[in-house]
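Reading through the structure tokens given below for one structure.
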Amino acid sequence: STQSTGVAKSLVKAGICKRVLVQVSYAIGIARPLSVSVFAYGSCKYTESQLLRIVNANFDLSPGNIVKELDLRKPIYRKTAKIWSFWLSRFSWEKVKQIVIPEDL
């Protein structure tokens with residue numbers, strides 16, 4: 001999803017990982033993700049379970065929050081269709097989030 005790409009970009013931009021894959025799975029009618037997985041391919045000083053704690057501490061990956069954070073209720077898709085791209089920095093989903101590491105890690 002676009003949100004998991006944003007999570008991965010934020011982890012890399014913060015210098016936490018050099019390479020990372022974030023996978024999120026959802027089910028219709030369920031308010032929270034069914035699962036969140038984070039794989040760093042050995043490019044990180046944190047374990048994958050610690051990375052998952054960092055992600056959970058910094059990102060609300062619920063569908064309702066994704067709609068809110070990404071402004072998905074606004075009619076912005078005409079712009080993306082016109083240029084054939086969702087990957088421009090002017091869109092809210094391309095903004096990198098500042099990561100805060102939990103103190104107990």
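Between the CD1 atom in I16 and the CG atom in L51 there is a gap of 7.5 Å [rounded to 0.5 Å]. With rounding to the nearest 0.5 Å, the separation of CG in N58 from CD1 in I54 is 7.5 Å. Residue R19 holds its CZ atom at 13.5 Å from SG of C44, rounded to the nearest 0.5 Å. Atoms OG1 and CZ, on T47 and R53 in that order, are 9.0 Å from each other to the nearest 0.5 Å.
No donor-acceptor pair closer than 3.5 Å links the side chain of E69 to the backbone N or O of I66. With S10 contributing its side chain and V96 its backbone, the two residues share no donor-acceptor pair below 3.5 Å. Listed for the S4 side chain is no donor-acceptor partner under 3.5 Å among the backbone atoms of V24. Here the side chain of D60 pairs no donor or acceptor atom with the backbone of N65 at under 3.5 angstrom.
Minimum interatomic distance between I30 and P63 (heavy atoms only, all atoms of both residues): O-CG, 4.1 Å. Counting all heavy atoms, side chain and backbone alike, A40 lies closest to S43 at O-OG, 2.7 Å. Pairing each heavy atom of S62 with each of A31, the nearest pair is CB-O, 3.2 Å.
Annotation: side chain of F59 is in contact with side chain of I99 (closest heavy-atom distance under 4.5 Å). Counting heavy atoms from C-beta on, the side chains of V67 and R73 come closer than 4.5 Å. You'll find the side chain of L61 reaches within 4.5 Å of the side chain of Y26, heavy atoms only. Between V55 and L11, some side-chain heavy-atom pair lies under the 4.5 Å cut-off.
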I'd like to know whether F39 forms a side chain to side chain contact (heavy atoms under 4.5 Å, CB included) with V20, so could you lay out the CA-CA distance, the side-chain angles of the two residues, the decisive distance to 0.1 Å, and finally the verdict. CA-CA 6 Å; F39 304 99; V20 66; over 6 Å; no

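When hydrophobic clusters are built by joining Ile, Leu, Val, Met, Phe, Trp and Tyr residues whose side-chain heavy atoms come closer than 4.5 Å, directly or via intermediates, L105 is grouped together with V12.
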